[in-house]
Enquirer: 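I have a structure here, written as C-alpha cells, and I will follow up with some questions on it.
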Amino acid sequence: MEQLSLKELLDRVRKGVEESVPGRLWIRAEVSEIKVNYSGHCYMTLVEKGDENVVARAQAVIWSSSYRLMAPYFKSVTGSDIQPGMSILAKVQVQYSPLYGMNLIISDMDPSFTIGEVEAARRRTLERLEKEGMLELNKSLRLAAVPKRFAVISSETAAGYRDFIRHLHENEYGFSFVTDLYPSVMQGAEAPGSIISSLEKIAGSGTAYDAVLILRGGGAVSDMVCFDDYELALNIAQFPVPVFTAVGHDKDFHVCDAVSFEYMKTPTAMADFFISMFASLDGELVSLASRLVMSAREIYAEERIMLEKLHASLKKLFGLSVKEYFFGRKSMLENISVKLRQTVDMYFRERRNELEIIGLRLYACDPGRMLDKGYALVSISGKRIDSVRDAEAGDTAEILLRDGVLKCKVIEKCTEKQN
C-alpha cells in the first residue's frame with residue numbers, strides 16, 4: 001500500500017492544478033469580501049451562487065503593483081470602488097501552494113461586465129414586477145388637487161434632502177407646506193430594508209399624508225443599486241398613498257421610479273412640481289377674481305343706465321325723483337326685504353342640513369373607522385378582495401388592520417360560513 005506524506009500529496013495536487021490550468025483565463029464571480037492591507041495588496045473572497053446558495057468559493061489576490069492601476073480605472077468606468085456584492089469578470093492565474101493552499105492571482109478586470117450585470121438584474125426585476133401587475137398599481141391612486149402634507153423618506157444629512165426642504169419652504173409665493181422626515185439609510189445593502197421600515201412607520205402613523213416622497217441626490221452607480229431592489233419596489237407599488245421618487249442623477253432611472261406614482265429627476269425638481277401645482281391654482285383664482293370684478297362693473301353700468309331711465313320716467317310722470325317716489329313705499333320695500341332674507345336663510349339652512357347628512361354618511365363609510373372597530377381589509381397581489389372565491393390555497397395575503405399589516409399564507413378556503 002502506497003503511503004504519502006502530506007506535502008507529497010499536496011505537491012501532486014499542485015502539479016495537477018498547474019497542468020490542468022496552465023495559463024491565465026477569465027472567470028465570472030461575485031465579490032463576497034474585500035480587504036486592502038497596509039502593503040497595498042487587495043485580498044478578496046470570490047463566490048458563485050445558485051438559487052441564492054453559495055456553490056463555489058475561492059480566495060483571490062491583486063498584488064499592489066497591479067491594484068494601484070486597476071482600482072482607479074475600475075472606478076472611473078463604473079463610478080464605484082470594488083465592493084462586496086458586485087459581479088466581476090477577472091483574468092486570473094490559478095496558484096496552489098502546499099503551505100498556503102489555492103489562490104487566484106488577478107491580473108486584470110473588465111469593469112464593463114460589472115455595469116452590464118447590474119443592468120441585466122434591473123431588467124429582470126422590472127419584467128417580474130410587470131408580470132405581477134405592480135407597475136401601474138401606485139399610479140392608479142388619486143392625488144389631492146393641492147397636496148401639501150408630505151412624509152419624506154431620506155437621510156437628514158443628505159444634500160438632496162436639504163435642497164428640497166429649502167426650495168419647497170422658501171418658495172417665492174409664500175405657499176405653506178408640511179413635511180415630516182422619516183430618516184432612512186439611502187445607499188448600500190441596508191437601504192431597502194431601512195426604507196421599507198419607514199414606509200411601515202408612515203402607514204401606522206395615523207397621519208393623513210397627501211404623498212410619500214423618497215429623496216436622494218446623485219452618487220456612484222453602486223450606491224444607487226439599492227433602488228432596483230425587488231422587495232422595496234413591491235412595497236412602493238402596494239403602498240396606499242401616492243409615492244414620489246427623486247433619486248440619482250438626471251440620466252438615472254431605477255426600478256423604484258418605474259413603480260412609483262411619479263418620479264422626478266432631482267429633489268429640487270420635485271419641490272418645483274408641487275409649488276407649480278399651487279401656483280397654477282393661484283393663477284386660476286386670480287383670473288376668476290378679475291372676471292368677477294369685470295362682471296360686477298358691467299352689471300353696475302347696466303343698472304345705472306336703467307336707474308337713469310327710471311329717474312327720467314318718474315320725473316316726467318310724477319315730477320318726483322327715484323328717492324322721493326320710493327320713500328313713500330318704504331314699508332312695502334322693507335316687507336319685501338324681510339321676506340327675501342327669510343327665503344335666502346331657509347334655502348341655506350336646507351343645503352346645510354343636506355351637507356351634514358352627506359358628511360355623516362361619508363364618516364360611516366370611512367375605511368379607517370371600520371378598521372378601528374376591528375374590521376380588516378384583505379388584499380392578494382396588491383388587489384383588495386371581498387370573497388373567498390378570489391383566493392386560492394397557497395396565496396400570500398396582506399391583512400390591513402388599524403395599526404399595521406399582517407402578511408399571511410392561505411392554508412385552505414371554506415365557501416360556507418363557519419359557526
Side-chain angles (χ1 to χ4, degrees), residues 118 122 125-126 129 134-144 147-169 177-205 207-275 277 382 405:
V118 170
R122 187 182 73 85
T125 301
L126 280 172
L129 289 165
M134 294 293 113
L135 295 185
E136 301 298 324
L137 194 59
N138 197 259
K139 293 178 178 63
S140 66
L141 299 175
R142 179 174 295 179
L143 181 67
K148 64 178 299 180
R149 182 178 291 275
F150 306 119
V152 181
I153 297 177
S154 187
S155 169
E156 190 172 11
T157 60
Y161 167 71
R162 294 196 300 268
D163 290 343
F164 169 80
I165 291 297
R166 182 173 59 254
H167 203 72
L168 185 71
H169 290 292
F177 297 91
V178 177
T179 52
D180 295 334
L181 175 65
Y182 288 78
S184 304
V185 178
M186 300 302 288
Q187 68 180 50
E190 297 179 10
S194 179
I195 297 173
I196 291 172
S197 176
S198 291
L199 287 170
E200 292 172 348
K201 291 177 183 177
I202 293 168
S205 68
T207 304
Y209 291 110
D210 295 320
V212 175
L213 315 181
I214 300 177
L215 306 177
R216 190 202 188 285
V221 173
S222 61
D223 292 341
M224 314 304 291
V225 172
C226 57
F227 295 104
D228 293 325
D229 182 80
Y230 170 79
E231 291 296 332
L232 175 56
L234 188 65
N235 276 266
I236 291 174
Q238 296 179 329
F239 202 72
V241 176
V243 178
F244 288 73
T245 56
V247 293
H249 301 284
D250 288 351
K251 60 183 175 60
D252 293 333
F253 182 76
H254 302 280
V255 174
C256 289
D257 296 328
V259 298
S260 66
F261 183 90
E262 186 71 71
Y263 82 97
M264 307 293 167
K265 295 294 187 181
T266 63
T268 302
M270 183 177 290
D272 286 332
F273 174 80
F274 291 113
I275 293 170
M277 292 183 70
V405 177

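All residue numbers in this chain count up from 1 along the given sequence. Only this structure's heavy atoms are used, side chains among them; waters, hydrogens and symmetry mates stay out.
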Enquirer: With distance as the sole test, does Ser154 use its side chain to make a donor-acceptor pair with the main-chain N or O of Leu215 at under 3.5 Å?
Expert: yes
Enquirer: Ile165 vs Thr179, test: side-chain contact (heavy atoms from CB on, under 4.5 Å). Steps then yes/no.
Expert: CA-CA 8 Å; Ile165 291 297; Thr179 52; 3.7 Å; yes
Enquirer: Any non-hydrogen side-chain atom of Thr245 less than 4.5 Å from a side-chain atom of Phe261?
Expert: no
Enquirer: Spell out, as yes or no, whether a donor-acceptor pair under 3.5 Å connects the side chain of Asp228 to the backbone of Val255.
Expert: yes
Enquirer: Do the side chain of Asp210 and the main chain of Arg149 share a donor and acceptor less than 3.5 angstrom apart?
Expert: yes
Enquirer: Check step by step if side-chain contact (heavy atoms from CB on, under 4.5 Å) holds for Phe239 and Leu137.
Expert: CA-CA 9 Å; Phe239 202 72; Leu137 194 59; over 6 Å; no
Enquirer: CD1 of Ile236 to CD1 of Ile196: how many Å apart, nearest 0.5 Å?
Expert: 8.5 Å
Enquirer: In the structure I gave you, are the side-chain heavy atoms of Val247 and Tyr263 within less than 4.5 Å of one another anywhere?
Expert: no
Enquirer: Do you know which two heavy atoms are closest between Ala151 and Ile202, and how far apart they sit?
Expert: CB-CD1, 3.6 Å
Enquirer: With no hydrogens and no angle check, is any side-chain donor or acceptor of Asp257 less than 3.5 Å from a backbone partner on His254?
Expert: yes
Enquirer: Would you give the length of the straight line joining atom OG of Ser194 to atom CD1 of Ile153, rounded to the nearest 0.5 angstrom?
Expert: 8.5 Å
Enquirer: So, do Asp180 and Val152 sit near enough that their side-chain heavy atoms are less than 4.5 Å apart?
Expert: no
Enquirer: Given side chains that start at C-beta, do those of Val259 and Asn138 come closer than 4.5 Å, heavy atoms only?
Expert: no
Enquirer: For Pro242 versus Leu141, what's the shortest heavy-atom pair and its separation?
Expert: N-CD1, 3.6 Å
Enquirer: Can you name the nearest heavy-atom pair linking Phe164 to Pro267, along with the distance?
Expert: CD1-O, 3.3 Å
Enquirer: Just checking, any donor-acceptor pair under 3.5 angstrom between side chains of Thr157 and Ser155?
Expert: yes
Enquirer: Taking all non-hydrogen atoms of both residues into account, name the closest pair between Ala211 and Leu143 and its distance.
Expert: CB-CD1, 4.4 Å
Enquirer: What is the distance from atom CZ of Phe274 to atom CG of Leu168, rounded to the nearest 0.5 Å?
Expert: 8.5 Å
Enquirer: Can you tell if the side chain of Arg122 reaches within under 4.5 Å of the side chain of Phe253, non-hydrogen atoms only?
Expert: yes
Enquirer: Would you confirm whether the ring centroid of Phe150 sits within less than 6.0 angstrom of the ring centroid of Phe244?
Expert: no
Enquirer: Any donor and acceptor pair, going by atom type alone, linking the side chain of Thr207 with main-chain N or O of Tyr209 inside 3.5 Å?
Expert: no
Enquirer: When you compare the side chain of Tyr182 with that of Leu199, does any pair of heavy atoms fall below 4.5 Å?
Expert: no
Enquirer: Of the non-hydrogen atoms in Glu231 and Asp229, which two are nearest, and what is the gap between them?
Expert: N-OD2, 3.1 Å
Enquirer: For Met186, does its backbone N or O pair with a side-chain atom of Arg216 as donor and acceptor, under 3.5 Å?
Expert: yes
Enquirer: Lys139 side chain to Ala258 main-chain N or O, any donor-acceptor pair under 3.5 Å?
Expert: yes
Enquirer: Measure the shortest side-chain to side-chain distance between Met270 and Leu213 over non-hydrogen atoms and say whether it is less than 4.5 angstrom.
Expert: yes
Enquirer: Where is the tightest heavy-atom contact between Ser198 and Ser184, given as atom of each residue plus distance?
Expert: OG-OG, 2.5 Å
Enquirer: Could you go step by step and tell me if Leu232 and Cys256 meet the side-chain contact (heavy atoms from CB on, under 4.5 Å) rule?
Expert: CA-CA 7 Å; Leu232 175 56; Cys256 289; 3.6 Å; yes
Enquirer: Could you grab the distance from atom NE2 of His169 to atom CZ of Phe177, nearest 0.5 Å is fine?
Expert: 8.5 Å
